[in-house]
Enquirer: 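Got a structure for you, written out below as structure tokens; questions coming shortly.
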Amino acid sequence: MSRNTRTNVLLLLVVVALAVLPLALGLGDDEKEPFAGADAQAETAITEIDPDYEPWFSPLYEPPSGEIESALFAVQAAIGAGVLAYYFGLRRGRRQGEQRALARRDAGVPQDAAVPREALPPRDAAAGAERESGV
């Protein structure tokens, strides 16, 4: 098992543990809403401290139900994940392009000539092993 695979498996186990442990240990069982968001908890704390508190402003849009609010949050998270994935994909593509350009320059091949993938150096040892095995 390669170092990257071990790291990925370990990170996956940590994420699963973070998701399952609060449920398994019964954290928040003594509360009315055990997994309420920080906004709801802050609102509860403020009204306990000062029942006459008036907010300074109101939201621009108040969704009609909690399900719609959750759906809008999920869409926002998906858009953010898409932007991050695009950015990291762009960086990886640029890095691969630079490696190919350097390989062409070192091989003395003109910039506009096509170079077979096998002639390019592998990105790392795992990529080289995959290329040799035909996977």
Enquirer: Restricting to non-hydrogen atoms, name the atom on Thr44 and the atom on Thr47 that form the minimum distance, rounded to 0.1 Å.
Expert: O-OG1, 2.9 Å

Enquirer: So does Tyr53 have more than 12 non-hydrogen atoms from other groups sitting under 6.0 Å from OH?
Expert: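 Yes.
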
Enquirer: Nearest heavy-atom pair of Ala17 and Pro22: which atoms, and what distance?
Expert: O-CD, 4.1 Å

Enquirer: In the structure I gave you, are the side-chain heavy atoms of Arg6 and Arg3 within less than 4.5 Å of one another anywhere?
Expert: yes

Enquirer: Are Trp56 and Ile46 connected, step by step, through hydrophobic side chains (Ile, Leu, Val, Met, Phe, Trp, Tyr) whose heavy atoms are closer than 4.5 Å?
Expert: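 Same cluster.
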
Enquirer: Just so I know, are the side chains of Tyr87 and Arg91 near enough to count as touching, which here means a heavy-atom distance under 4.5 Å?
Expert: yes

Enquirer: Show me the donor-acceptor pairs, under 3.5 Å and distance only, between side chains in residues 58-65 and residues at least two apart or in other chains.
Expert:
residue : atom : partner : partner atom : Å
Ser65   : OG   : Glu67   : OE1          : 3.3
Ser65   : OG   : Ile68   : N            : 3.4

